[in-house]
Every structure is written in structure tokens, then in C-alpha cells.
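Below, chains carry the letters A, B, ... as their sequence lines are ordered, and counting in each starts from 1.
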There are 2 protein chains.
Amino acid sequence: MPRIGMKKLRRKAIIDAAILTIGERGSLEVTMSEIAGRAGVSPALAHHYFGAKEELLQATMRQLLTDLGHDCVRALAAAVTPRERVSAVIAVNFSAAQFRQEIVHAWLAFYVQAQKSPLSRRLLRVYARRLHSNLMSGLVPLMARAEAERSAEAIAALIDGLYIRRALRDGLPNPASAAALVEDYVTAKLGAAA
Amino acid sequence: MPRIGMKKLRRKAIIDAAILTIGERGSLEVTMSEIAGRAGVSPALAHHYFGAKEELLQATMRQLLTDLGHDCVRALAAAVTPRERVSAVIAVNFSAAQFRQEIVHAWLAFYVQAQKSPLSRRLLRVYARRLHSNLMSGLVPLMARAEAERSAEAIAALIDGLYIRRALRDGLPNPASAAALVEDYVTAKLGAAA
DNA sequence: TATTTTTACTTGACTGGTCAATCAACAAAA
DNA sequence: TTTTGTTGATTGACCAGTCAAGTAAAAATA
């Protein structure tokens, strides 16, 4: 039943289905048919709206990225002290919305995709840079610039590492202790700086 | 020119070719033909020796794992104090042999593979457990058990995270500074404990 | 209001290409 | 002559992408 304005709805439905399917399978080896089927449309429609599979994957990745971005600005808005800013960034990355299995799996899959797709790599770099600057905005007032830089690198690596371990259902299974681990690092680092 | 004892040689050549090809491409989306071609044999031979592609991938992963294992025991043999043991484990993971692009890419690809292959997941878990126990052997004499446990988790996550960043050619490009980052964590942690 | 036309949306059926896996046959050593 | 090693040719499955045809809402026309 063709109604106007379906385009936006369909695109969203297909992207959501893509996230779900990729998350479930844990990789990008997913057919357009599967994704379309889950979105309740024909495979041809997915091609109609996205052209090629690669484009759909790009759009899906962008969705993940913007979702995380929105969560971030919301969390940072509530933070007042620098230390709170750091904690806010950490908290978002391990929030119930972001640290879910499917999302984590999808991220991991996209990290691999970035190896062959320069565009994907660019997108991931946007994320990395944003994370870094968010962290720096909290860390710089708390320690020497060089030290802050190192800490930001370490926190980012810690987050990525904990995501992987989450994906493997290995080690820390629950978000709370993962976040606590990173917080513990920050505390230790601040203690050492003082 | 068929000579006896080819089996072992061919298997090794094919596995090496697999590591190289996977590392180059950055994912497991690699054909048997490519791997076989690089090893200088026909695709049929690869199937002859490994049966299915999945088996070849398993064998390749196992190879990576045992290589890392050997490097580890060698490095640990030279360490005498607990602190040295910790440093040895860190150093191995960022050594010239292990922190190479192709190897890092291959690891990342296998992390994704583990999502769908329970056997791969088991293999990775072996690695994770070995890393953990190696770290613990150095950390336990230096701090309270619970604290050591946390530190081991954090170090492992840091290593994984830095591997990812290496794979994305993002952030720390050189092994030395990556290792230094982890060492810095250990130092901070020990400082806080004292 | 009734009819036609246009527009937006949707699909089934098909195609071309890729690739894992198989197999029968061949070559050289034992 | 058997054993071990090796390959070219083929098969069967899967899948991204295309296309012509279809449906119904909306807009234009009578």
C-alpha cells in the first residue's frame, strides 16, 4: 500500500534490521535478503533505497555513530566538573543502550569492515577523534597536557578492549564492572598525578 | 615433483599463506584460491590437506596462538622478579613479531570469526586465560589478590584495545609507545597500591 | 463527482558472477 | 605396483544487483 513518505520509514526499518541481523550473526556476512526479510520488505526494495550493499552498511554504521553521539552530548550536558565529564563519557560507552551484545557485535564487525573500506575507516576515525576530544575536555584541567593525552589514549583503548571482551562473552560480563575498571584507572592516574 | 614428507611442509606453507592473505585483506573474506595461489599450490590441494575452509582457518588461528605462546614462555624464562614477569608479558604482545600489521589484522579477523564459530571462540578463550594467568603470576606478589585480578583484566583489555587501534592505523602507530602506555598503567597502579 | 493520469512505492523473476568442494586422472617416488 | 602428492575441470549453491511489471494513493482533468 504505497503511501507517500515511506522512504524515510523504510530506510529506518531496513537499517534497524541490519543492526539486528549483523549483531546477531556477529559479522557483516549477512545477505540483503535476510536484512530485508527482517524489515518485512523484499530484497529488491533494500537495493532500491540503498543502491548497493556497501551503502547500506555505511548507513547502518552512521546510525550507530549518531546514536552514540546523541547519548554522549546528553550525558555531557549534565556534567559540570571536569571529573564528571570524564565519568560521563565512560558511563555512556557502557550504558545499557550501547553495551548491548548486538551493538557491540556490530561495532566489532565494522572495525573489520574498516580494513577494506576507506570510507568506513573515515567514519570510525570520526568516532575516535570525538571520543578523544570529549575525554580531553575533562582531563586537561586535571593534569598536565601530555599526561592527559596519554590518559585519553589509554581510556579509549580500555573501552575498545572491554568491548572486545564483551563480544567474546569473556571476562567481565556486566557493564557495571567494565565501567568500574575504567574509572579505577582514572582514579589511579589522578592519584599518581597528585 | 612429489616427494614424501610433503604433507607437513605444504600444511605450513598454506597456513603461512593464509596468515599473510588474511592479514593483507584484513578479513577472513579470502578465497581458498588466493591462499593456495600464494602458497604456490592449487586450490584443490588446500582442500586435500585441510578438508574444509573452516578447518584451515582453525589451523591458522592455532598457529598464531602457538607462535604467541612460544614467544611468551621464552620471554618469561628470562624474567626473575614479579615486576619483570609483568613487563615481559606486555613486551611480548607488542614485540616486533606480534605487533605487525598483518598479525594484528589477522587477530581482529579471528575475533569476528569467533562470533559464529564456537571452536574459534574456545581457542581465543584459551589465549585469554593464558594471558590472564601469566599476568597474575607477576601481579599477585605485588598487590592484594582482588586488586591483581582487576589489574590483569585491565591490562588484557588495554592490550586488546591497542591492537584494535593499531589495526585502524589510528592513535599510537609504534609498538614502543603502545607498550609504554600499558607499563604506565602498571606503574600508576603499583604507586596507588603503595 | 467521476475519470484519467501521474507519482510513489513495491515485488517476482531473472542474471551473472563467485566460490567452496569434489573427483577422476596423472606423476613420481618407494 | 602401490603409495603419496598433485591438479584441471566441473558442479552446485549462494547472492548482489537488475528490470519490467504491478499496485494504490494523490493529483489533475473533465
**Request:** Report the nucleotide, chosen from C:dT10, C:dC9, D:dT6, that has the shortest atom-to-atom distance to any side-chain atom of A:K7.
**Result:** C:dC9
**Request:** Mind calculating the distance between CG (B:L45) and C1' (C:dA27) to the nearest angstrom?
**Result:** 14 Å
**Message:** Tell me the interatomic distance from B:E55, atom CD, to C:dA20, atom C1', rounded to whole angstroms.
**Reply:** 13 Å
**Request:** Would you indicate which nucleotide in D:dG5, C:dA21, D:dG17 comes nearest to any side-chain atom of A:K53?
**Result:** D:dG17
**Asked** Which nucleotide in the set C:dT11, C:dT10, D:dT6 lies at the smallest distance from any side-chain heavy atom of B:M6?
**Response** D:dT6
**Asked** When the ring planes of A:F94 and A:Y163 are compared, do they come out parallel, tilted or perpendicular, using 30° and 60° as the limits?
**Response** tilted
**Message:** Can you tell me which nucleotide in C:dT22, D:dG17, D:dC19 comes closest to the side chain of A:A44?
**Reply:** D:dC19
**Asked** D:dT4 P sits how many Å from B:K8 NZ, rounded?
**Response** 16 Å
**Message:** Expressed as a whole number of angstroms, how long is the span from B:H47:NE2 to C:dC23:C1'?
**Reply:** 13 Å
**Prompt:** According to the interplanar angle, ranging from 0 to 90°, do the rings of A:W107 and A:Y127 count as parallel (below 30°), tilted (30 to 60°) or perpendicular (above 60°)?
**Reply:** tilted
**Message:** Counting only heavy atoms from other residues, nucleotides and ligands, does the tally under 6.0 Å from CZ of B:R129 exceed 12?
**Reply:** no
**Request:** Would you kindly give the CZ-to-P distance between B:R11 and D:dT6, to the nearest whole Å?
**Result:** 13 Å
**Item:** Pair B:E183 + B:R83: basic N to acidic O under 4.0 Å
**Value:** yes
**Rounded interatomic separation in angstrom, taking CZ from B:F50 and C1' from C:dC19** = 19 Å
**Request:** When you get a sec, tell me which of D:dT6, D:dG5, C:dC9 is the closest nucleotide to the side chain of B:R10?
**Result:** D:dT6
**Asked** Does anything in residues 16-43 of chain B reach DNA chain D, meaning a heavy atom under 4.0 Å, and if so which residues?
**Response** B:V41, B:S42
**Prompt:** In whole angstroms, how far is the P atom of C:dA8 from the CG atom of A:L9?
**Reply:** 17 Å
**Request:** Measure the CG-CZ distance between A:D160 and A:R165 for me, rounded to the nearest 0.5 Å.
**Result:** 13.0 Å
**B:D184 and A:K189 ion-paired at < 4.0 Å** = yes
**Asked** Rounded to the Å, how far apart are A:H48 NE2 and C:dT7 P?
**Response** 15 Å
**Prompt:** Do A:R25 and B:Q115 come close enough that some side-chain heavy atom pair is under 4.5 Å?
**Reply:** no
